[in-house]
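Please read the structure below before turning to the comments.
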Amino acid sequence: MLQATVIRRFGDERPLVQLYSDLVDLAVEAEQLGFDGIWLSEHHFQDNQWSPSLLPILGAIAARTSTLRIGTNLIVAPYHHPIRLAEDVATVDLLSGGRLDVIVGTGSIRSEFDTFGIAPGERWGRTFETLEVMARCFAEDRFDHDGRYFQFPDLHMTTKPVQDPLPLWMA
């Protein structure tokens with residue numbers, strides 16, 4: 001299985017508009033060359049981490065490809081609201097025709113946590129609670145959630161992924 005993980009190398013001076021366009025073109029070329037998947041990584045506020053919003057980029061790749069699996073490697077779960085993340089993940093899976101793989105992680109860069117105002121010591125709890133909420137969003141139509149970090153009374157989830165179950169991994 002041929003997989004590609006995309007990072008921005010230090011010293012890459014292309015403007016982001018060009019970098020994103022080149023990335024989508026690279027994904028199209030990878031599919032034509034027989035690659036099975038392409039994976040993007042999330043980081044914020046770092047010189048070589050140019051991809052803070054993976055799901056819109058993966059949506060653009062999905063629109064230009066037809067067989068290439070697309071995936072996150074990884075989404076830093078503590079930085080995201082679990083319902084918003086579930087909706088965005090489901091939407092990209094729908095746009096891709098069921099080709100999305102989602103890998104989440106806890107994050108490790110202290111400055112990112114500080115900027116988002118999230119205590120690093122909460123990263124594991126927030127990650128597992130986010131995974132729990134996302135799984136329920138994909139499996140259930142209505143539910144209540146009363147967790148340590150998030151509370152949702154009578155959540156009615158209307159956006160579901162194509163894949164059942166959606167590949168949801170923990171790094």
Side-chain angles (χ1 to χ4, degrees), residues 1-116 118 123 126-127 130-131 133-135 137-138 159-171:
M1 180 179 299
L2 293 171
Q3 303 285 346
T5 299
V6 180
I7 62 170
R8 183 179 192 181
R9 293 193 170 91
F10 285 105
D12 188 336
E13 299 293 330
R14 288 176 289 170
L16 288 178
V17 67
Q18 184 64 50
L19 193 66
Y20 290 159
S21 176
D22 290 350
L23 172 60
V24 174
D25 290 345
L26 177 65
V28 170
E29 184 178 2
E31 181 178 69
Q32 292 168 348
L33 291 171
F35 278 74
D36 298 298
I38 191 163
W39 309 95
L40 303 181
S41 178
E42 173 187 11
H43 276 295
H44 302 265
F45 325 118
Q46 310 296 318
D47 289 337
N48 72 327
Q49 300 296 338
W50 49 271
S51 181
S53 298
L54 306 179
L55 294 169
I57 298 168
L58 290 172
I61 291 170
R64 297 257 325 268
T65 60
S66 59
T67 60
L68 193 69
R69 295 237 19 119
I70 56 177
T72 64
N73 184 29
L74 53 82
I75 289 179
V76 185
Y79 303 159
H80 298 275
H81 188 282
I83 295 173
R84 180 79 246 177
L85 186 57
E87 289 175 328
D88 288 348
V89 162
T91 299
V92 173
D93 193 60
L94 288 161
L95 290 170
S96 72
R99 293 183 285 132
L100 179 65
D101 294 315
V102 178
I103 303 170
V104 302
T106 63
S108 62
I109 299 176
R110 176 64 188 244
S111 63
E112 290 182 1
F113 282 95
D114 292 345
T115 302
F116 280 111
I118 297 170
R123 67 190 186 134
R126 284 180 174 275
T127 297
T130 295
L131 284 169
V133 169
M134 289 179 68
C137 283
F138 300 151
T159 306
K160 307 278 188 179
V162 171
Q163 299 175 92
D164 184 18
L166 180 123
L168 187 57
W169 304 89
M170 173 71 189

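Note that the coordinates shown come from a computational prediction; the quantities given were computed from them, not determined experimentally.
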Legend entry - Heavy-atom side-chain contact between T159 and L94 under 4.5 Å: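 In contact.
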Suppose we screen for side-chain contact (heavy atoms from CB on, under 4.5 Å). Which residues come up paired with [X], at least two apart in sequence or across chains?
X	answer
A27	I38, I61, L68
D22	R14, Q18
P56	S53

Legend entry - Pairing residues for T65 by the side-chain hydrogen bond (donor to acceptor under 3.5 Å, both in side chains) criterion, not counting sequence neighbours: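 Expected list: R99.
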Inset, instruction - List for me each residue that meets side-chain hydrogen bond (donor to acceptor under 3.5 Å, both in side chains) alongside D25, sequence neighbours excluded, and say none if there are none. - result: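 side-chain hydrogen bond (donor to acceptor under 3.5 Å, both in side chains) list for D25, sorted by chain: R64.
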Where do [X] and [Y] come nearest, in terms of heavy atoms and distance?
X	Y	result
F138	P161	CD2-CD, 3.4 Å
K160	C137	NZ-O, 2.7 Å
A77	V104	CB-CB, 4.1 Å
I103	T72	N-OG1, 2.8 Å
V92	G59	CG1-N, 4.2 Å
G105	P78	O-CD, 3.5 Å

Legend entry - Residue among D93, D88, I70 satisfying side chain to side chain contact (heavy atoms under 4.5 Å, CB included) with L55: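 One option only clears the test, and that one is D88.
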Inset, instruction - From the options L74, L40, V89, select the one residue that forms a side chain to side chain contact (heavy atoms under 4.5 Å, CB included) with L54. - result: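 Result: among L74, L40, V89, L40 is the only option passing the side chain to side chain contact (heavy atoms under 4.5 Å, CB included) with L54.
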Inset, instruction - Apply side-chain contact (heavy atoms from CB on, under 4.5 Å) to R69 and D36, showing your working. - result: CA-CA 6 Å; R69 295 237 19 119; D36 298 298; 5.7 Å; no
Side chain [X], main chain [Y], donor-acceptor under 3.5 Å:
X	Y	value
T91	E87	yes
E31	T67	yes
Q163	L100	yes

About how many Å separate [atom2] of [Y] and [atom1] of [X], when rounded to the nearest 0.5 Å?
X	Y	atom1	atom2	value
H43	S51	NE2	OG	10.0 Å
M170	T127	CE	OG1	5.0 Å
D101	L166	CG	CG	7.5 Å
D114	I109	CG	CD1	11.5 Å

Legend entry - Stepwise side-chain contact (heavy atoms from CB on, under 4.5 Å) check, I118 with R123: CA-CA 8 Å; I118 297 170; R123 67 190 186 134; over 6 Å; no
Inset, instruction - In sequence, state the C-alpha distance, the side-chain angles, and the governing distance for H80 and T130, and then conclude on side-chain contact (heavy atoms from CB on, under 4.5 Å). - result: CA-CA 8 Å; H80 298 275; T130 295; 5.7 Å; no
Legend entry - Chi angles and distances behind the side-chain contact (heavy atoms from CB on, under 4.5 Å) call for H44, T115: CA-CA 9 Å; H44 302 265; T115 302; over 6 Å; no
Legend entry - By ring pair (Phe, Tyr, Trp, His ring centres under 6.0 Å) - contacts of F113 (at least two apart):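 In terms of ring pair (Phe, Tyr, Trp, His ring centres under 6.0 Å), with neighbours along the sequence ignored, F113 is linked to Y79.
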